[in-house]
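To start, the structure itself, in structure tokens.
Heads up: numbering here begins at 1 and tracks the sequence.
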Amino acid sequence: MTLALDIPRLETARLILRAPEPADFDPLCAFLTDPERSWGFGTEKDRPTAWRWFALNIGHWALRGYGYFTMALRETGQPCGLTGIWAPEGWPEPELGWALFDGFEGKGLAAEGAQRARAWAYQDLGFETLTSNIVPGNDRSVALAERLGARFERSYQNVHMGEDMLYRHPGPDELGLGLDDADGNPEAYA
């Protein structure tokens with residue numbers, strides 16, 4: 001049996017957001033198993049459990065029609081992080097999430113990728129709202145959510161992470177996103 005997934009390829013000025021590929025596992029595993037880097041995303045204890053998360057994301061795409069894209073640099077194709085829409089069982093509603101791999105912070109890549117993923121969710125999936133669920137103390141993610149226009153709405157108990165802060169993103173109308181904005185124009189999301 002072969003399962004074919006329809007995972008789009010999105011572009012920005014500096015990034016390609018694409019389907020996960022086997023070669024993405026090593027940088028993802030390095031991120032997921034490093035407690036200092038992944039504590040706000042969810043740390044996995046070892047390589048086998050990180051592989052399960054990698055496969056879970058692909059299954060999420062199959063079951064929901066969306067998930068985490070691999071963010072890769074346009075110039076080199078090197079994976080630099082994740083961004084996308086996440087809503088596993090137990091989540092209050094679909095979430096826009098992001099994570100950068102070691103060495104890629106401080107360059108605006110997470111904002112660029114998250115902005116493009118959010119526009120895709122609004123324009124192509126028809127979402128009217130998104131949240132970002134952030135573990136207390138993850139000040140960098142809070143700053144990015146606020147930079148993207150999201151505002152703190154409430155705290156809740158995340159089934160996997162404990163207390164989470166739910167940030168609500170502006171909807172497509174508030175962002176002025178039409179159905180065909182930026183088609184074929186990756187610079188629109190830089």
Side-chain angles (χ1 to χ4, degrees), residues 7 10 15 17 20 28-29 31-45 49-50 52-71 80-102 104-106 108-175 177 189:
I7 300 175
L10 309 176
L15 297 170
L17 280 60
L28 175 66
C29 181
F31 168 75
L32 288 174
T33 59
D34 181 344
E36 289 183 29
R37 298 201 47 75
S38 63
W39 69 271
F41 188 84
T43 303
E44 300 297 343
K45 66 180 181 173
T49 56
R52 284 177 178 257
W53 189 94
F54 185 65
L56 170 77
N57 181 43
I58 294 166
H60 192 285
W61 275 102
L63 294 170
R64 298 271 197 233
Y66 54 85
Y68 276 106
F69 293 97
T70 295
M71 288 193 301
C80 60
L82 304 169
T83 193
I85 312 304
W86 194 242
E89 181 64 28
W91 251 232
E93 57 190 284
E95 170 191 18
L96 172 64
W98 51 78
L100 289 175
F101 300 156
D102 193 20
F104 295 100
E105 304 91 344
L109 295 171
E112 187 173 326
Q115 214 174 6
R116 182 64 183 100
R118 181 175 67 186
W120 171 74
Y122 288 160
Q123 295 168 324
D124 294 296
L125 299 178
F127 287 0
E128 294 292 323
T129 188
L130 286 168
T131 67
S132 287
N133 308 339
I134 303 172
V135 174
N138 191 345
D139 298 335
R140 292 181 81 172
S141 276
V142 167
L144 177 52
E146 290 176 345
R147 181 175 166 200
L148 295 171
R151 296 291 171 247
F152 176 77
E153 186 173 285
R154 64 184 171 91
S155 291
Y156 77 100
Q157 285 297 307
N158 181 300
V159 295
H160 297 290
M161 304 289 290
E163 184 182 355
D164 250 359
M165 301 180 301
L166 189 143
Y167 279 74
R168 174 85 46 202
H169 286 266
D173 292 342
E174 295 170 88
L175 294 171
L177 292 175
Y189 299 99

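Among residue pairs with one or both ends in residues 52-65, none qualify as side chain to side chain donor-acceptor pair (under 3.5 Å); sequence neighbours excluded. Within the structure, the salt bridge (Lys or Arg N to Asp or Glu O under 4.0 Å) test picks out the following pairs touching residues 133-155 (sequence neighbours left out): E153-R168.
With sequence neighbours excluded, the residues that form a ring-ring contact (aromatic ring centres under 6.0 Å, His included) with Y167 are F152. Here D34 pairs with nothing under the salt bridge (charged side-chain N to carboxylate O under 4.0 Å, His left out) rule; sequence neighbours left out. When the side-chain hydrogen bond (donor to acceptor under 3.5 Å, both in side chains) test is applied to W91, the partners found at least two apart in sequence or on another chain are E95. Residues passing the ring-ring contact (aromatic ring centres under 6.0 Å, His included) test with Y156: none are found, sequence neighbours excluded. For T83, the side-chain hydrogen bond (donor to acceptor under 3.5 Å, both in side chains) test picks out no residue, with sequence neighbours left out. With sequence neighbours left out, F127 forms a ring-ring contact (aromatic ring centres under 6.0 Å, His included) with Y66. Residues passing the side-chain hydrogen bond (donor to acceptor under 3.5 Å, both in side chains) test with T33: none are found, sequence neighbours excluded. In this structure, the side chain to side chain contact (heavy atoms under 4.5 Å, CB included) partners of A55, at least two apart in sequence or on a different chain, are W51.
Between atom CZ of residue R118 and atom CG of residue L130 there is a gap of 8.0 Å, rounded to the nearest 0.5 Å. Distance CZ/F104 to CG/L109: 8.0 Å, rounded to 0.5 Å. The distance from atom OG1 of T49 to atom CG of L56, rounded to the nearest 0.5 Å, is 12.0 Å. Separation of atoms SG (C29) and CZ (F101) is listed at 10.5 Å; rounding is to 0.5 Å. Taking CG of L96 as the reference point, atom CD1 of I85 lies at 5.0 Å (rounded to 0.5 Å). Expressed to the nearest 0.5 Å, how far CG of L100 lies from CG of L144 amounts to 8.5 Å.
Side chain of Q115 to main chain of E112: no donor-acceptor pair is present (N/O by atom type, distance under 3.5 Å, no hydrogens or angles). Distance alone, capped at 3.5 Å, places no donor-acceptor pair between the R37 side chain and the T43 backbone.
Side-chain contact check for C80 versus L15: some heavy-atom pair is nearer than 4.5 Å. D102 places none of its side-chain heavy atoms less than 4.5 Å from the side chain of F31. Residues N138 and W39 have side chains in contact (heavy-atom distance under 4.5 Å, counting atoms from C-beta outward). Side-chain contact between Y68 and L28 is absent, with no heavy atoms from C-beta onward closer than 4.5 Å. Proximity of S141 to M165: side-chain heavy atoms (C-beta onward) are nowhere separated by under 4.5 Å. Residues I7 and P20 are in side-chain contact: their nearest non-hydrogen atoms beyond the backbone lie under 4.5 Å apart. Between L82 and F41, the closest side-chain pair of non-hydrogen atoms falls below 4.5 Å. For the pair P172 and Q123, the minimum side-chain heavy-atom distance is 4.5 Å or more.
There is no side-chain donor-acceptor pair under 3.5 Å between N133 and D164.
Contact between P170 and G149 at its shortest, heavy atoms only, is CD-O, 3.4 Å.
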